[in-house]
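Input: a single structure, listed below in C-alpha cells.
Because the structure is a prediction, the values reported are computed rather than measured. Chain naming here is simple, since letters A, B, ... match the order of the sequence lines and numbering starts at 1 in each.
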Amino acid sequence: MRIATFNINGMNARLPALLQWLEEEQPDVACLQELKTPHEKFPELAIEAAGYGAIWHGQKSWNGVAILQRGAKPQELKVGLPGDEEDLQSRYIEALVDGVVVACLYLPNGNPAPGPKFDYKLKWMERLIIRGQELIDSGVPAVLAGDFNVMPHDIDVYKPERWLTDALFRPESREAFHRLVAQGWTDSVRAMHPDEVIYTFWDYFRNAFGRNAGIRIDHLLLSPSLAPSLRGAGVHTNVRAREKPSDHAPTWIELDWKGA
DNA sequence: ATGACTGATGGAATCAGA
C-alpha cells in the first residue's frame, strides 16, 4: 500500500500536473492540501477519470484538503479537526482506507510570529495532539499525513540559523511537533533515511529548487500499530522540477499492508 | 532578512503562502 501527501498549491491550477503524477505513480492513497477552491469547483470528474474516488473539504481562495483513493471512494470519518467549533478553515479530513485511518492535514503556517496567526497555529497543534492521542489510544492503524508546516530538526532546513524566528521553525512549533511524535508516532521518511538531507518544499523565489535551498515540512506519521509495516519512503522531487509546479513535492511511503 | 514568485479573486491590486 502506497500513501502519498502532496500540497498542490491550487487544485485547478495544478490539475494537469496532478493527473500526470497520479498516472505515473498510481498511489493507493493521495492526501492533498491547499486546494484553494470552493467545494463545488473541485474537479471530481477528472479525478474519477484518472481512476480515483475522492472526499474533500474545500474553501474559497485558501486552504482545502482532499483524500483520493485508487479505485474506490474513501470512507469519510471526520471533516474538520475537533476542538474548536469557531474554526472554519478547511485544514483536516479523515477517512478509513483498507482498515487504516488516514488523516490528511494542512497545519497553519503561523507567520508572522509572534502574533494571532502564530497563536492559531499553536492552538491548532494542541487540538491535533488531542486527536493524535485518541488515535493512539484506540490502537487503530493510522497515518497522519500532510503539510505540517514544521521542520522537526536542523537537518530538515537548508539554513537553520535563518529560520530560528520563523513560525515553521520556532522552538514552540518544534516542541509541539515533538510532543505529538512522542505519543508513539513514527516520522516515516526520517525513519527510513536517518541521516539524509531530504526536502519537500522549495520556495518559488530566487531559484530555490535549483540551489536545493529547501525545507522538510510534509510528513507521514505512523501509529505504533502501523509502523512495523513501513517498507519505504521518499520524495518525488522530479515533480518539483517540471513546468508550472507546486512549491511542494509529493512525499510517499510504502507499507506492507494487506488491508483489514 | 527579505519577499525577486505564484494562485485566487475579480477584472487592479491585494492577500497569503513559508
> Angle class for the A:H236/A:W252 ring planes (parallel below 30°, perpendicular above 60°, tilted otherwise)?
Replying inline: parallel

Its contact letters, B for base, S for sugar-phosphate only and - for none at protein heavy atoms under 4.0 Å, make nucleotides 3-10 of chain B read BBBSSSSS

Practice prompt. Have a look at A:F209 and say if it touches a base, only the backbone sugar-phosphate, or nothing, with a 4.0 Å heavy-atom cut-off.
Written response: nothing

Inspect the contact between A:E24 and A:R242 and indicate whether a charged nitrogen and a carboxylate oxygen are less than 4.0 angstrom apart.
-> yes

Rounded to whole Å, CG of A:L107 lies from P of B:dG17 at a distance of 12 Å

Could you tell me whether A:E94 and A:R131 make a salt bridge, using a distance below 4.0 angstrom between a side-chain N and a carboxylate O? yes

Going through the distances and angles, do A:R127 and A:D84 end up as a side chain to side chain contact (heavy atoms under 4.5 Å, CB included)? CA-CA 8 Å; A:R127 289 160 59 197; A:D84 185 356; 3.5 Å; yes

With sugar-phosphate meaning primed atoms plus P, OP1 and OP2, does A:N7 contact a base, only sugar-phosphate, or nothing at under 4.0 Å between heavy atoms?
-> sugar-phosphate

Salt bridge check: are A:K123 and A:E126 linked by an N-O gap of less than 4.0 Å?
no

Note: for A:R162 and A:N111 on DNA chain B, the residue whose nearest nucleotide lies more 5' is A:R162

Query - B:dC15 versus B:dG10 - spacing of their C1' atoms, nearest Å - result: 13 Å

*asked:* Would you say the rings of A:F169 and A:W163 are close, in the sense that their centroids are separated by under 6.0 Å?
replied: no

To the nearest angstrom, the CG-C1' distance between A:D247 and B:dA16 comes to 11 Å

Give me the distance, rounded to whole Å, that separates B:dA13 from B:dA1 when you measure between the P atoms they each carry. 32 Å

Give me the distance, rounded to whole Å, that separates B:dG3 from B:dG7 when you measure between the C1' atoms they each carry. 16 Å

Taken to the nearest whole Å, CD/A:E34 to C1'/B:dG17 is 6 Å

When rounded to whole Å, the CG to P distance for the pair A:D147 and B:dG17 reads 11 Å

Rounded to whole Å, CD1 of A:I8 lies from P of B:dG17 at a distance of 16 Å

| query | Considering only the P atoms, how many Å lie between B:dG11 and B:dT6, rounded to the nearest integer? | reply | 24 Å

If you take the centroid of each ring, where Trp contributes its six-membered ring, are A:F148 and A:F177 closer together than 6.0 Å? yes

